[in-house]
Asks: 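Quick one: the structure is below, and I'll ask about it shortly.
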Amino acid sequence: MSECHELVADCRLRAAVELFAHTWDPVVLAALQQGQRRRHELRAAIGGMSDKVLTEALRRLAANGLVERRVYAQAPPRVDYRLTDLGRSLVDGPMTALARWVAEHGDELFEAQERASTG
């Protein structure tokens, strides 16, 4: 963090935080943690996500180098998605640490949010 005194566009911290700016992106990453999956498997594992939103998330994650799209030349066409090494490092590192933090402090977080909403 010492490299980024201002949160300018090319700041690495800002770029990392933006990986969580889209609600579904971390969910898709977590769904791929168990291994390679096809689109219908991802949607079934996640639930409540439209095909359009899944497509957008997969494109963003691939553009950031976190997910790899593999197309197999067969009939019918088959496309699988998996975490890249970079994506795996994000899921196994910061996302796992965040999950531990939420497990430990989630009740406090929700209580604070509830207090703030009730005025």
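Fair warning: this is a prediction, and the values are worked out from it, not measured in the lab.
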Asks: Of all heavy-atom pairs between Ser89 and Pro94, which one has the smallest distance, and what is that distance?
Replies: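 Nearest heavy atoms, Ser89 then Pro94: O-CD, 3.5 Å.
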Asks: For Glu56, enumerate each residue passing the salt bridge (charged side-chain N to carboxylate O under 4.0 Å, His left out) test, keeping only those at least two apart in sequence or located in another chain.
Replies: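 With neighbours one apart ignored, the set is Lys52.
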Asks: Within this structure, what is the CD-CZ distance for the pair Gln36 and Arg38, rounded to the nearest 0.5 Å?
Replies: 10.0 Å
Asks: Sequence neighbours excluded, which residues qualify as salt bridge (charged side-chain N to carboxylate O under 4.0 Å, His left out) partners of Asp51?
Replies: Arg39
Asks: Just wondering, are more than 12 heavy atoms of other shown residues or ligands nearer than 6.0 Å to CD in Gln74?
Replies: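 Buried by this count: over 12 neighbours within 6.0 Å.
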Asks: With Asn64, which residues qualify under side-chain hydrogen bond (donor to acceptor under 3.5 Å, both in side chains), at least two apart?
Replies: none
Asks: In a table with atom names and distances, give each donor-acceptor pair under 3.5 Å that connects a side chain of residues 99-106 to protein atoms at least two apart or in another chain.
Replies:
from	atom 1	to	atom 2	distance (Å)
His105	ND1	Glu108	OE2	2.9

Asks: If you look only at pairs with a residue in residues 59-72, which of them pass as a salt bridge (Lys or Arg N to Asp or Glu O under 4.0 Å), with sequence neighbours excluded?
Replies: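 The answer is Asp25-Arg60, Glu68-Arg70, Glu68-Arg82.
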Asks: Going by the rule salt bridge (charged side-chain N to carboxylate O under 4.0 Å, His left out), which residues pair with Arg78 if we only count those two or more places apart in sequence or in a different chain?
Replies: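 Applying salt bridge (charged side-chain N to carboxylate O under 4.0 Å, His left out) to Arg78 gives Asp80.
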Asks: If you link I, L, V, M, F, W and Y whenever their side-chain heavy atoms are under 4.5 Å apart, who else ends up in the same group as Val71?
Replies: Leu19, Phe20, Trp24, Val27, Val28, Leu29, Leu32, Leu42, Ile46, Met49, Val53, Leu54, Leu58, Leu61, Leu66, Val67, Val79, Tyr81, Leu83, Leu86, Leu90, Val91, Met95
Asks: Who else is in Phe110's hydrophobic cluster (ILVMFWY, side-chain heavy atoms under 4.5 Å, direct or via others)?
Replies: none
Asks: Just to verify, what does Arg115 make a salt bridge (charged side-chain N to carboxylate O under 4.0 Å, His left out) with, not counting sequence neighbours?
Replies: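 Listed in chain order: nothing, the list is empty.
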